[in-house]
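Chain naming here is simple, since letters A, B, ... match the order of the sequence lines and numbering starts at 1 in each.
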2 protein chains.
Amino acid sequence: MKPEYELRLVTKAAHLYWVEQVRQVDIAARLSLSQAGVSRLLRRAQKEGIVSISIKPPEGTYHLLEEELASKLGLDEVVVTSCPDNSDNAIVSSIGEAAAQYLASTLRESDRVGISSWSSALVALSEHLPAKGQIKAERVVQLMGGMSHDRAEHLAENLTLQLANRLAARPAFMHVAGIASTSDARKVFCEEPYVRETMALFDDLTVALVGIGTLAPSQFLARSGNAFSDEELAELAGCGAVGDVCLRFFDANGQAVSHALDERVVAISAPSLKKVPRVVGVAGGHQKVASIRAAALGGWIQVLITDCFTAEALAEKASL
Amino acid sequence: MKPEYELRLVTKAAHLYWVEQVRQVDIAARLSLSQAGVSRLLRRAQKEGIVSISIKPPEGTYHLLEEELASKLGLDEVVVTSCPDNSDNAIVSSIGEAAAQYLASTLRESDRVGISSWSSALVALSEHLPAKGQIKAERVVQLMGGMSHDRAEHLAENLTLQLANRLAARPAFMHVAGIASTSDARKVFCEEPYVRETMALFDDLTVALVGIGTLAPSQFLARSGNAFSDEELAELAGCGAVGDVCLRFFDANGQAVSHALDERVVAISAPSLKKVPRVVGVAGGHQKVASIRAAALGGWIQVLITDCFTAEALAEKASL
DNA sequence: TCAGTTAATGAATAAATATTCATAGCGAGG
DNA sequence: CCTCGCTATGAATATTTATTCATTAACTGA
């Protein structure tokens, strides 16, 4: 058959199928060939680029950026939220809400959820979950100690509790400070029955919700009074550390930085954290770009929820 | 659920499905919903115009023009061929070839094919059919008399014979002139056994291949010596006739023009012609635009095969 | 608060599409 | 002229997608 007429058939079939929405059997009848033949014509039309299918993302969605980040950072999924401006307030609120949506649509009743604390984004997440519990989980497990020693904020416990309530899940608390004064003190903490019980759940989690920290303690964290000192931070920086997840620090490529301070942290261990099937990092802000990138590259998180400004910066940085 | 996140899901599903070619079940798994849900998201994506599918016709194909003509002229199918220039030679050759392709891909072995003659495009059609007969028909039936009275060309018979040979079909000839000198003479012709036999087949055709004539006899037709005189043509024109199929004349809207000359034509009758399920008109050239349009509007043909220049002119005319 | 209505959901099923397989035509090389 | 391998084809089948249906959740107006 003349190639020109063949092309005409391909084009016609493509038009009928994709534009006029005609079924393949009907096209087959009209073109006097079998349905299998039409299927083949259509495959050819795709291969030869006669049809082009394009997705135009609605305002406020960023699927290309998400794809790009997921592939460049080796993540399973990236959610990029639109955000009115790049202030920390706006970012925290928008990614918190998105994270809530993400949880709402992916959480199963059988999930055992770990939660790191000291993150305003995670607080926002919890607050955006519907209070009426149609979204459920089995357990909500606090991943790091968080009790403030000089204020009665009990922030980490509060967050864990609130999340557990909203998810109609049984909570597991740490009830101790996240940073012990010495490694021996940490050992003592870990011997506490509460803590042992909770830590026993770490290897059985299905999801973890974590913030991603930078070396400079966030205002939030500083206010809690529960952070490393400037000297300690400087020492970590000297070892190449750029950020942390649950106070487990890593360098710019995500490689774990081992350091004596590690021994004072009362939290899920790096190996246990890496064994959690789905770690969801919720973070945004220009000061966090480097640590987010590192957390992703190092495999500390599988899912990233961030805002469009941070996402842009990450994409730019990743493409260098 | 927040409409923004919902949109994100729709977009994501659309991207995965149409760009990444992921199966709905796999998308469902990734998005944590059922396959039915994905199907619904995708439907929404189409409805809301998030996906746009466009067909870009390869060089030399004219599917939009074909669609337009088919709908405006009320035809089942239109084939528009590309054509190097708008000379009659180029047109006849290209539409002849296209018509051959069309026949090749739509003719069944059980088809009974009528053929009008006196048309250079039909000659080209026949010549472009592969001589080795993989395309077959049951019968090839001459629809009009065509024997020249002063030259031994036997053109119509030749065409019928050639077509029958190429289609491995049994031919049925008229063996008389297409225009009798008087209506009585026509009656005598029609009593001829040959003619009666052939005409008996007219009501049982499945396809007819016809040229479309203008009032000014074509050079081809004039040379055959078998045409109406200038006075007769003027008379027809006076009745509003603009063209003919098988010497059955019609006006600009395709309404049959009845006239005494009708009684002298030895050919398939207008009613019989209109009963043929699929009449394929093969014609092109700027002088034929009006008669092609009329033939289509009057329901004389169901399929039109023409060139891109004529098609453009038809589309322009039809949109007025 | 509660019945009545509407909308959303996924399992089951129906419909549509892709693939497999057996067959037939065609060209190249004996 | 024949045989081999290649391609093209449609019937049968497997896979994938759309729809139906029953259930549940959410919303509305007493």
Does B:Thr106 have any side-chain hydrogen bond (donor to acceptor under 3.5 Å, both in side chains) partners at least two apart in sequence or in another chain, and if so, which?
B:Arg278

For nucleotides 16-18 of chain D, which of its nitrogen or oxygen atoms have a protein nitrogen or oxygen under 3.5 Å away, and what is each distance?
residue: D:dT16; atom: OP1; partner: B:Arg23; partner atom: NE; Å: 3.2
residue: D:dT17; atom: OP1; partner: B:Tyr17; partner atom: OH; Å: 3.3
residue: D:dT17; atom: OP2; partner: B:Gln24; partner atom: N; Å: 2.9
residue: D:dA18; atom: OP2; partner: B:Gln24; partner atom: OE1; Å: 3.4
residue: D:dA18; atom: OP2; partner: B:Gln24; partner atom: NE2; Å: 2.5
residue: D:dA18; atom: OP2; partner: B:Ser39; partner atom: OG; Å: 3.0
residue: D:dA18; atom: N7; partner: B:Gln35; partner atom: NE2; Å: 3.0
residue: D:dA18; atom: N6; partner: B:Gln35; partner atom: OE1; Å: 3.0

Applied to residues 31-62 of chain A, the ring pair (Phe, Tyr, Trp, His ring centres under 6.0 Å) test, sequence neighbours excluded, yields none

In whole Å, what is the span from the CD atom of B:Glu109 to the P atom of D:dT9?
17 Å

I need the CD-C1' distance between A:Glu6 and D:dT9, as an integer number of Å.
12 Å

Step by step, would you call B:Ser272 with B:Asp203 a side chain to side chain donor-acceptor pair (under 3.5 Å)?
CA-CA 6 Å; B:Ser272 291; B:Asp203 286 321; 3.0 Å; yes

Without placing hydrogens or testing angles, list every side-chain donor-acceptor pair under 3.5 Å for residues 21-33 of chain B, not counting sequence neighbours.
residue: B:Arg23; atom: NH1; partner: B:Asp26; partner atom: OD2; Å: 3.1
residue: B:Gln24; atom: OE1; partner: B:Gln35; partner atom: NE2; Å: 2.8

Contacts of B:Ala172 meeting side-chain contact (heavy atoms from CB on, under 4.5 Å) (sequence neighbours excluded), chain-then-number -> B:Arg139, B:Val141, B:Thr198, B:Leu201

A:Gln21 CD - C:dA15 C1' separation (whole Å)
15 Å

Whole-Å gap separating P (C:dA18) and CZ (A:Arg44):
16 Å

Can you list, pair by pair, the side-chain donor-acceptor contacts under 3.5 Å of residues 122-131 of chain B, counting residues two or more places apart and other chains?
residue: B:Ser126; atom: OG; partner: B:Gln162; partner atom: OE1; Å: 3.0
residue: B:His128; atom: ND1; partner: B:Ala124; partner atom: O; Å: 3.0

